[in-house]
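Scope of the values below: all heavy atoms of this structure, side chains included, with no hydrogens, waters or symmetry mates.
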Amino acid sequence: MTFMDLENPDYAYMFGFLQMDGHLAAGTGKRGRLMVEIAHRDVAVLQRFRELSPYPSSIRERTRATNFAESYRSATWTLCALEARERLVELGLPYGKKSQKVKPPRVPFSRRDYVRGVIDADGSVGTTGQGLPFVALTTASTAIATYLCFYVRQTIGAERRAGRNARDGVYNVLYTKEAAVDLARHLYYPGALALQRKQEAARVAMQWTRPADMARRPSRKRWQPHEDRILLEIGDAAAAAPVLDRTPASCGMRLWRLRAGRTASPPPGISLSP
């Protein structure tokens, strides 16, 4: 088995996890190391990483005070082999700060296992206090957020648009209800390498069914460039609404956003005028 052959499901998962939670540090000369520190309760996944690596590596444990707990127990997997580090860099795990740099591999890879690794490291899966299932990802990487939206749309048909949070500049991509059930079932299949607690949370999420008295929201109808052109040409929300088969409120908000520059103007196209 070739180290980091990303068509292998376990390596694809491992690489996605390392891109999110791993850290490559360069030393003098050819020295350096890969480190992954996680909560001790998840140490089993580090043990599997050590098994998957044909190079010497170690797992160490420590307990320390943090901002969240007076006694936080963690486990750290460390790999120093230069050959291994060069392979990881080649695939897209850079040295140093990487949160905004990482992107999906450019080589063939097992996509759902890679995505599960990303979710396990920097995402969450489970049910809310109201019992609603969810799958979410928080990331600073535009490429990762965009790829997740693309992949989920291609696999289960759920539409999401990646957008940065205005408060801290990160992306928060969230799937709930039927979309979350379908995505959890797709990613956390039987026998998949995963954090045990998230595998269990996914199983709980998969059991959800919509109550008979819970209404469904209609699918959001996205604005198309030709609709923007028509709206701008008519210039009146109430008059444009029946033409575009939209509500006056929707047309009014879109018209304001276009005029205020909050939404990019559509490219030139065919005019309504003769």
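- At a threshold of 4.5 Å between non-hydrogen side-chain atoms, the residues Ile59 and Gln47 count as touching.
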Please tabulate, for the side chains in residues 235-252, all donor-acceptor contacts under 3.5 angstrom to protein atoms that are two or more places apart in sequence or on a different chain.
{"unit_1": "Asp236", "atom_1": "OD2", "unit_2": "Ala238", "atom_2": "N", "d": "3.2"}
{"unit_1": "Asp236", "atom_1": "OD2", "unit_2": "Ala239", "atom_2": "N", "d": "2.8"}
{"unit_1": "Arg246", "atom_1": "NE", "unit_2": "Glu227", "atom_2": "OE2", "d": "3.4"}
{"unit_1": "Arg246", "atom_1": "NH1", "unit_2": "Lys221", "atom_2": "O", "d": "3.2"}
{"unit_1": "Arg246", "atom_1": "NH2", "unit_2": "Lys221", "atom_2": "O", "d": "3.4"}
{"unit_1": "Arg246", "atom_1": "NH2", "unit_2": "Arg222", "atom_2": "O", "d": "3.0"}
{"unit_1": "Arg246", "atom_1": "NH2", "unit_2": "Glu227", "atom_2": "OE1", "d": "3.2"}
{"unit_1": "Thr247", "atom_1": "OG1", "unit_2": "Ser250", "atom_2": "N", "d": "3.0"}

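- With respect to Glu200 and Arg41, no salt bridge is recorded, no charged nitrogen being found less than 4.0 Å from a carboxylate O.
- Not a single donor-acceptor pair under 3.5 Å links the side chain of Asp113 to the backbone N or O of Ala12.
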Using the rule given for side-chain contact (heavy atoms from CB on, under 4.5 Å), can you reason through Asn165 versus Asn172, listing the C-alpha separation, both sets of side-chain angles and the distance that settles it, and then say yes or no?
CA-CA 7 Å; Asn165 185 310; Asn172 296 292; 3.2 Å; yes
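- Side chain of Lys198 to backbone of Gly123: a donor-acceptor contact under 3.5 angstrom is found.
- Closest approach of Tyr11 to Asp5, counting heavy atoms only: CB-O, 3.4 Å.
- Residues Tyr171 and Val125 are members of separate hydrophobic clusters, defined by side-chain heavy-atom contacts under 4.5 angstrom among Ile, Leu, Val, Met, Phe, Trp and Tyr.
- Within the 4.5 Å cutoff, no side-chain heavy atoms of Tyr72 are placed close to those of Arg62.
- For Tyr175 (side chain) and Asp182 (main-chain N/O), no donor-acceptor pair under 3.5 Å exists by modelled atom type.
- The shortest distance between side-chain heavy atoms of Leu183 and Ile156 falls below 4.5 Å.
- Ion pair Glu51/Arg48 flagged as a salt bridge, since at least one NZ, NE, NH1 or NH2 atom sits closer than 4.0 Å to an Asp/Glu carboxylate oxygen.
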Test side-chain contact (heavy atoms from CB on, under 4.5 Å) on Thr263 and Trp223 and set out the steps.
CA-CA 11 Å; Thr263 297; Trp223 283 87; over 6 Å; no
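- Between Tyr147 and Tyr151, the ring planes lie parallel to each other; the angle is under 30°, not in the 30° to 60° tilted range.
- Between Glu90 and Arg87, at least one side-chain nitrogen of the basic residue sits less than 4.0 Å from a carboxylate oxygen of the acidic one, meeting the salt-bridge criterion.
- Side chains of Phe49 and Tyr13 form a contact here, defined as non-hydrogen atoms less than 4.5 Å apart.
- Side-chain atoms of Lys98 do not come within 3.5 Å of backbone N or O of Leu93 as any donor-acceptor pair.
- When atom types are taken as modelled, the side chain of Arg210 and the backbone of Ala215 share a donor-acceptor pair closer than 3.5 angstrom.
- In terms of heavy atoms, Leu6 sits closest to Pro108 at CB-O, 3.8 Å.
- The shortest side-chain heavy-atom distance between Arg111 and Pro104 does not fall under the 4.5 Å cut-off.
- Looking at Arg229, its side chain never comes within 3.5 Å of a backbone N or O of Pro266 through a donor-acceptor pair.
- Linking ILVMFWY side-chain heavy atoms closer than 4.5 Å, directly or via other members, places Ile119 and Val152 in a single hydrophobic cluster.
- When all heavy atoms of Ala140 and Gln100 are compared, the pair lying nearest together is O-CG, 3.7 Å.
- Contact of the Arg85 side chain with the Tyr55 side chain is not registered, since no non-hydrogen atoms from C-beta on lie closer than 4.5 Å.
- For Thr138 and Asp122, the side-chain atoms include no donor-acceptor pair closer than 3.5 Å.
- Both Phe3 and Val45 belong to a single network of hydrophobic side chains, linked directly or stepwise wherever heavy atoms of I, L, V, M, F, W or Y lie under 4.5 Å apart.
- A side chain to side chain contact (heavy atoms under 4.5 Å, CB included) with Pro94 is found for one member of Leu88, Val102, Leu24 and no other, namely Val102.
- Across Glu37 and Ser74, no two heavy atoms sit closer than the pair OE2-OG, 2.6 Å.
- Leu46 and Met14 fall within a single hydrophobic cluster, where Ile, Leu, Val, Met, Phe, Trp and Tyr are joined by side-chain heavy atoms under 4.5 Å apart, directly or via other members.
- Applying the 6.0 Å contact sphere to CZ of Arg164 captures more than 12 heavy atoms from other residues, nucleotides or ligands.
- When every heavy atom of Arg161 is checked against every heavy atom of Cys149, the shortest pair comes out as C-SG, 4.2 Å.
- Side-chain contact between Trp256 and Met253 is present, with heavy atoms from C-beta onward closer than 4.5 Å.
- Checked by atom type and distance alone, the side chain of Gln19 pairs as donor or acceptor with a backbone atom of Lys103 at under 3.5 Å.
- Panel note: side chain Glu61, backbone His40; no donor-acceptor pair is recorded below 3.5 Å.
- Here Phe15 and Phe109 keep their ring centres 6.0 angstrom or further from each other.
- Arg116 places a side-chain N or O within donor-acceptor distance of the main-chain N or O of Leu193, the cut-off being under 3.5 Å.
- Side-chain heavy atoms closer than 4.5 Å link hydrophobic residues (I, L, V, M, F, W, Y) into clusters, and following such links, possibly through other members, connects Tyr95 to Val36.
- Although no hydrogens or angles enter the test, the distance criterion places a donor-acceptor pair under 3.5 Å between the side chain of Ser141 and the main chain of Ile144.
- Looking at every heavy atom in both residues, Val173 comes nearest to Ala145 through CG2-CB, 4.3 Å.
- Considering only heavy atoms from C-beta on, Lys177 comes within 4.5 Å of Leu132 through its side chain.
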